Amino acid sequence: MRTIKIAICDDDKAVQEILRHEIEEFCKEAGTVCNIVCFDSGEEVLREESMPDILFLDIQMSGINGMEVAEELRRRRGDTILIFVTALSEYVYKAFDVEALHYLVKPFSDEKLREVLDRALRQWDMRHGASRSIAGHDGAQRTEPAGRPDTILIKKGGVSMKVALDDIIYAEVFNRKVMLHTTREDIEYYGKLTELSEQVGDDFYRTHRAYLVNLKYVEKYTATTIWLEQGTALVSKKQFPGFVRRYMQYISGRRSG
């Protein structure tokens, strides 16, 4: 069983307790030992000799603010997984500079927090070559390997076939059919884009209810359209901010890798 040190830095005790409770519950379900520590200020975090693996960090605090803490941590230890927690969205683009995993805007739902925690643990697994135990729909525990699969399995005309994820440029859905646009060919099969997006991992992003894009092939974008190496995809107004955040994280990850 893996052990991860998680820190919460927020000058609001109520927020600390909410985060601590949700993190403890999530880690228990994920089969992970989480050593959770709480700090009331950025100064307390920076006095720690042992930096956390994952840090939930408020931005607006008296004294040293969260962004300054993040910048100093990046100088000391580049691999701490940063998750900003704040009531303001104006700092979201500054979060890219310190390669934050996510930017949670208060108030956030339990579902959103758990989604971000899942991504953080996946990133930790990928860095450490670990596997983790997850609870299936039937409650049974299964081991999930680190990272994402190299291929997916689809059924077309009664025939099962493997498709390499790196070959998928983007996918679109229409009339209950999914069209995979790959570097070699277009593959059409009956399926749901939601199910596909759950299989492919963090290198893909659902930009629109009808489009799923591989960030590897993004060349340029506007608030409505994404141009890929081959073809274009739509991006909805609702999904655009999330797409920009994820794409910036993807680029930062490739640079640091």
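Keep in mind the model is a prediction, meaning the values are calculated, not measured. Sequential numbering from 1 along the given sequence is applied to the chain's residues.
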State, without any angle test, whether H208 and Q239 hold a side-chain donor-acceptor pair at a distance under 3.5 Å. no
Grab the two heavy atoms, one from V235 and one from A223, that are nearest each other, plus how far apart they are. CG1-O, 3.4 Å
In terms of the angle between their ring planes, are Y250 and Y247 parallel, tilted or perpendicular, with boundaries placed at 30° and 60°? parallel
Is a salt bridge present between E48 and K5, judged by a nitrogen-to-oxygen distance below 4.0 Å? yes
Counting N and O atoms only, with roles assigned by atom type, does the side chain of E43 sit under 3.5 Å from a partner on the main chain of I64, one being a donor and the other an acceptor? yes
Could you tell me whether the side chain of N65 and the main chain of E68 form a donor-acceptor pair under 3.5 Å? yes
Answer whether the closest heavy-atom distance between the side chains of E172 and K177 falls below 4.5 Å. no
Which atom names give the shortest non-hydrogen contact between Y170 and A233, and what distance separates them? CD1-CB, 4.5 Å
Would you say L212 and L196 make side-chain contact, with heavy atoms under 4.5 Å? yes
Show, in sequence, the C-alpha distance, side-chain angles and deciding distance for R119 and D202, and conclude whether the side chain to side chain contact (heavy atoms under 4.5 Å, CB included) test is met. CA-CA 8 Å; R119 287 184 57 203; D202 290 343; 4.1 Å; yes
How about C34 and C27: are their SG atoms under 2.5 Å apart? yes
Greater than 12 external heavy atoms within 6.0 Å of F108's CZ: yes
Would you confirm whether S197, through its side chain, and R206, through its main-chain N or O, come within 3.5 Å as a donor-acceptor pair? no
With ring centroids as reference points, do Y221 and F243 lie under 6.0 angstrom apart? yes
Check whether any side-chain N or O of T86 sits under 3.5 Å from a backbone N or O of D58 as a donor-acceptor pair, and report yes or no. no
Donor-acceptor pair, side chain of Y211 and main chain of S236, under 3.5 angstrom: no
Any side-chain heavy-atom pair of I81 and D53 under 4.5 Å: no
Search all heavy atoms of V173 against all heavy atoms of R209 and return the closest pair with its distance. CG1-O, 3.9 Å
Is a side-chain N or O of E24 found less than 3.5 angstrom from the main chain of H21, in a donor-acceptor match? no
Should L73 and L46 count as side-chain neighbours, where that means a heavy-atom distance under 4.5 Å? yes
For the pair E22 and K112, find out whether any cationic side-chain nitrogen is under 4.0 Å from an anionic carboxylate oxygen. no
Run through I6, I8, V15 and flag the one making a side-chain contact (heavy atoms from CB on, under 4.5 Å) with C38. I8
Main chain of D12, side chain of D10: is a donor-acceptor contact present, judged purely on distance under 3.5 Å? yes
Q16 side chain to D11 backbone, donor-acceptor under 3.5 Å: no
D118 with R122: basic N within carboxylate O range, under 4.0 Å: yes
Charged N to carboxylate O below 4.0 Å: is that the case for R74 and E71? no
Least distance between heavy atoms, W124 atom then T3 atom: CZ2-O, 4.2 Å
Are any non-hydrogen side-chain atoms of I83 and I54 less than 4.5 angstrom apart? yes
Can you list the steps and then say if Q230 with H181 is a side-chain hydrogen bond (donor to acceptor under 3.5 Å, both in side chains)? CA-CA 8 Å; Q230 297 177 29; H181 299 278; over 6 Å; no
List the atom of L165, the atom of F204, and the distance in Å for their closest heavy-atom pair. O-CZ, 3.6 Å
